[in-house]
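Contents: one structure, followed by commentary.
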Amino acid sequence: MARSDEAAAFFAAVYSAVQEIPYGKVTSYGHIAKLVGTPQRPRQVGLCLKHLSQDTDSHFNHDNVPWQRVINSKGIISPRSQPSGAQNQAATLQAEGVVVSTGSLGELMVDFSVYGWFPRTLPSETGQSEEGDED
DNA sequence: AACGTGACGAGTA
DNA sequence: ATACTCGCCACGT
């Protein structure tokens with residue numbers, strides 16, 4: 001199996017995993033990376049979404065893969081080269097009921113109530129005395 | 001073909 | 001608590 005094939009398989013696995021994120025929920029790149037069996041490549045997960053096809057004719061495309069539901073482990077919409085992209089992602093999330101707030105530095109923070117799909121410690125748990133391990 | 005970049009995250013200092 | 005470094009590897013130049 002050539003490396004390019006493995007890469008294609010990786011892309012497909014990532015897209016497939018992202019499709020499993022419930023409507024109105026979000027998760028992290030790291031979680032997706034773990035799900036597809038490559039926990040050390042969260043960055044490549046972002047790359048996959050970046051190169052997600054816009055052609056609705058493709059098997060995986062910008063329309064059937066909820067790319068907007070993937071954010072970084074800090075609970076923030078990853079800022080990228082083109083600011084409008086993050087804004088676009090925030091708008092798309094808000095359109096499905098996700099609450100996004102803007103910090104002083106323009107960081108787009110996602111409300112924790114949608115972290116039902118989140119795997120690990122929440123970004124804002126900030127070591128509260130209470131474990132916060134409700135339910 | 002080589003080099004730098006980047007939608008990240010964990011480990012160190 | 002924050003700042004910096006390293007690993008990862010596909011993509012654009």
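A, B, ... follow the sequence lines: proteins, then strands. Residue 1 opens every chain.
Backbone-only engagement by A/Pro79 is indicated by non-hydrogen atom pairs under 4.0 Å involving sugar-phosphate atoms exclusively. Nucleic acid contact class of A/Thr38 (heavy atoms, under 4.0 Å, all strands): none.
Not a single salt bridge (charged side-chain N to carboxylate O under 4.0 Å, His left out) links A/Glu107 to another residue, sequence neighbours left out. Considering only residues two or more places apart in sequence or on other chains, A/Asn61 meets the side chain to side chain contact (heavy atoms under 4.5 Å, CB included) condition with A/Thr56, A/Ser58, A/Asp63, A/Asn64.
Atom-to-atom, CG of A/Leu49 to P of B/dG6 comes out at 17 Å; the value is rounded to the nearest Å. Atom CG of A/Leu105 and atom P of C/dT2 are 12 Å apart (whole Å). Rounding to whole angstrom units, NZ of residue A/Lys50 and C1' of C/dA10 are separated by 10 Å. One atom, NZ of A/Lys74, and another, C1' of B/dG9, lie 8 Å apart when rounded to the nearest Å. Straight-line distance from the CH2 atom of A/Trp67 to the C1' atom of B/dA7: 10 Å, rounded to whole Å. A/Leu52 places its CG atom 13 Å from the P atom of C/dC11, with the value rounded to the nearest Å. Rounded to an integer number of Å, the gap from CD1 of A/Ile77 to C1' of B/dC8 is 15 Å. Nucleotide C/dC9 holds its P atom 16 Å from the NE2 atom of A/His51, rounded to whole Å.
Shown here for A/Ala17 and A/Val36, the closest heavy-atom pair between the two residues is CB-CG1, 4.2 Å. Closest of all the heavy-atom pairs between A/Tyr29 and A/Ser78 is CE1-OG, 3.3 Å.
Listed by first and then second residue, the side chain to side chain donor-acceptor pair (under 3.5 Å) pairs involving residues 83-100 of chain A are A/Gln68-A/Glu96, A/Arg69-A/Glu96 (not counting sequence neighbours). Applying the ring pair (Phe, Tyr, Trp, His ring centres under 6.0 Å) definition to pairs two or more places apart or across chains, none involves residues 74-98 of chain A.
The side chain of A/Ser28 contributes no N or O atom lying less than 4.0 Å from OP1 or OP2 of B/dC8. One finds no side-chain N or O of A/Ser73 lying less than 4.0 angstrom from the OP1 or OP2 phosphate oxygen of B/dC8.
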Find every protein N or O atom lying less than 3.5 Å from an N or O atom of nucleotides 4-7 of chain C, and list the pairs.
none

Can you list, pair by pair, the side-chain donor-acceptor contacts under 3.5 Å of residues 43-51 of chain A, counting residues two or more places apart and other chains?
none

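Across C/dC8, B/dC8, C/dC11, the shortest atom-to-atom separation from the side chain of A/Ser78 is found for B/dC8. Distance from the side chain of A/Phe11 is smallest for C/dA10 among the nucleotides B/dA7, B/dG9, C/dA10.
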